[in-house]
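None of the values given here were measured: they were computed from a predicted structure.
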Amino acid sequence: MLPVSLKPDLAAHLKAVRARTKPTSPPGREVYLPDGIRLKYPRAARAWGWQYVFPAPGLSQDPRSGATRRHHLPETAVQRAVKKAVDEAGLVKPASCHTLRHSFATHLLESGTDIRTIQELLGHSDVATTMIYTHVLNRAGGLGVTSPLDRP
């Protein structure tokens, strides 16, 4: 799910990424492609459709071919950014990318989104995995139902 409020920022980001992949751009505009695709479509590694949405800031040497390429942003960069935000916010409890995923699922459940939709959004193959998040529904009462007199 992409929040509508982020669309302008994402469009600006993609415009900057695209500028780095133009044929007049410096080396590093190619991305790694599996051999089958690389052989069938020789120019695909430079094509906009194959570029990473979140590329790494620098170039690195591809260990498979020795070519200098821009790879995707490593997940550790995102994890470090979340940790920094947690520290700067002064949060006492530990929080991580997984905490955000858990919070996302929990808020969807609390707002009435059905479990199958959440399963699909999280990419769970088994609904039993998604059912773990239903523990929050039991906070309100015996069956997770709040009395109409207690509602705002």
Side-chain angles (χ1 to χ4, degrees), residues 1-22 25 28-38 40-41 44-60 62-64 69-152:
M1 296 172 30
L2 178 65
V4 175
S5 61
L6 294 183
K7 192 173 180 179
D9 291 337
L10 182 58
H13 169 76
L14 291 175
K15 184 177 179 179
V17 170
R18 192 166 194 165
R20 290 195 301 244
T21 63
K22 289 184 178 180
S25 300
R29 65 185 173 271
E30 291 187 3
V31 296
Y32 168 77
L33 293 177
D35 286 339
I37 294 173
R38 184 179 54 79
K40 187 172 182 178
Y41 305 106
R46 292 184 182 186
W48 173 236
W50 287 98
Q51 301 301 312
Y52 297 112
V53 172
F54 298 106
L59 304 176
S60 59
D62 189 323
R64 295 165 288 238
R69 293 196 170 103
R70 187 175 309 277
H71 295 276
H72 59 80
L73 188 69
E75 67 182 64
T76 54
V78 177
Q79 292 164 345
R80 279 193 298 269
V82 169
K83 182 178 179 355
K84 182 180 177 189
V86 167
D87 292 343
E88 288 178 0
L91 298 180
V92 178
K93 288 193 171 196
S96 65
C97 296
H98 187 75
T99 307
L100 295 176
R101 179 179 168 87
H102 183 82
S103 180
F104 173 73
T106 299
H107 285 292
L108 286 175
L109 271 172
E110 288 178 333
S111 68
T113 304
D114 68 278
I115 197 78
R116 295 282 183 188
T117 301
I118 297 169
Q119 174 190 2
E120 186 173 330
L121 288 170
L122 296 179
H124 294 159
S125 57
D126 186 353
V127 75
T129 306
T130 314
M131 294 295 286
I132 293 167
Y133 296 106
T134 61
H135 73 279
V136 297
L137 300 179
N138 295 328
R139 288 186 189 162
L143 298 173
V145 178
T146 305
S147 167
L149 294 177
D150 293 332
R151 293 184 191 148

Worksheet item: With no hydrogens and no angle check, is any side-chain donor or acceptor of His13 less than 3.5 Å from a backbone partner on Val53?
Response: yes
Worksheet item: Charged N to carboxylate O under 4.0 angstrom, Arg116 versus Asp114?
Response: no
Worksheet item: Which heavy atom of Trp50 sits nearest a heavy atom of Val31, and at what distance?
Response: O-CG2, 3.4 Å
Discussion item. Around atom OH of Tyr41, are there more than 12 heavy atoms from other residues, nucleotides or ligands closer than 6.0 Å?
Written reply: no
Discussion item. Once rounded to the nearest 0.5 Å, what's the spacing between atom CD1 of Ile118 and atom CD of Glu120?
Written reply: 11.5 Å
Worksheet entry | Nearest-0.5 Å distance, CG of residue Leu109 to CE of residue Met131 | 9.0 Å
Name every donor-acceptor pair, under 3.5 Å, that has one atom in a side chain of residues 75-85 and the other anywhere in the protein, sequence neighbours excluded.
residue, atom, partner, partner atom, Å
Lys83, NZ, Asp87, OD2, 3.3

Discussion item. When you compare the side chain of Trp48 with that of Arg18, does any pair of heavy atoms fall below 4.5 Å?
Written reply: yes
Discussion item. Quick test of your reading: applying ring pair (Phe, Tyr, Trp, His ring centres under 6.0 Å), list the pairs with at least one residue in residues 79-103, sequence neighbours left out, ordered by first then second residue.
Written reply: His102-Tyr133, His102-His135
Response to the item:
What one should report as the nearest heavy-atom pair of Leu122 and Ala105 is CD1-CB, 3.8 Å
Discussion item. Consider salt bridge (charged side-chain N to carboxylate O under 4.0 Å, His left out). Of Arg38, Arg46, Arg70, which one does Glu30 pass it with?
Written reply: Arg46
Worksheet item: Between Thr99 and Ser96, is there a donor-acceptor pair closer than 3.5 Å when you use the side chain of the first and the backbone of the second?
Response: yes
Practice prompt. Using side-chain contact (heavy atoms from CB on, under 4.5 Å) as the criterion, point out the one residue from Leu100, Thr106, Leu108 that pairs with Phe104.
Written response: Leu108
Worksheet, complete the sentence: Rounded to the nearest 0.5 angstrom, the CG-CE distance for Leu6 and Met1 is 11.0 Å
Worksheet item: What is the distance from atom NE2 of His71 to atom CG of Asp62, rounded to the nearest 0.5 Å?
Response: 4.5 Å
Discussion item. Once rounded to the nearest 0.5 Å, what's the spacing between atom CD1 of Ile115 and atom CD of Gln119?
Written reply: 8.0 Å
Discussion item. Quick one: does any side-chain atom of Arg69 pair with a main-chain N or O of Ser60 as donor and acceptor, under 3.5 Å?
Written reply: no
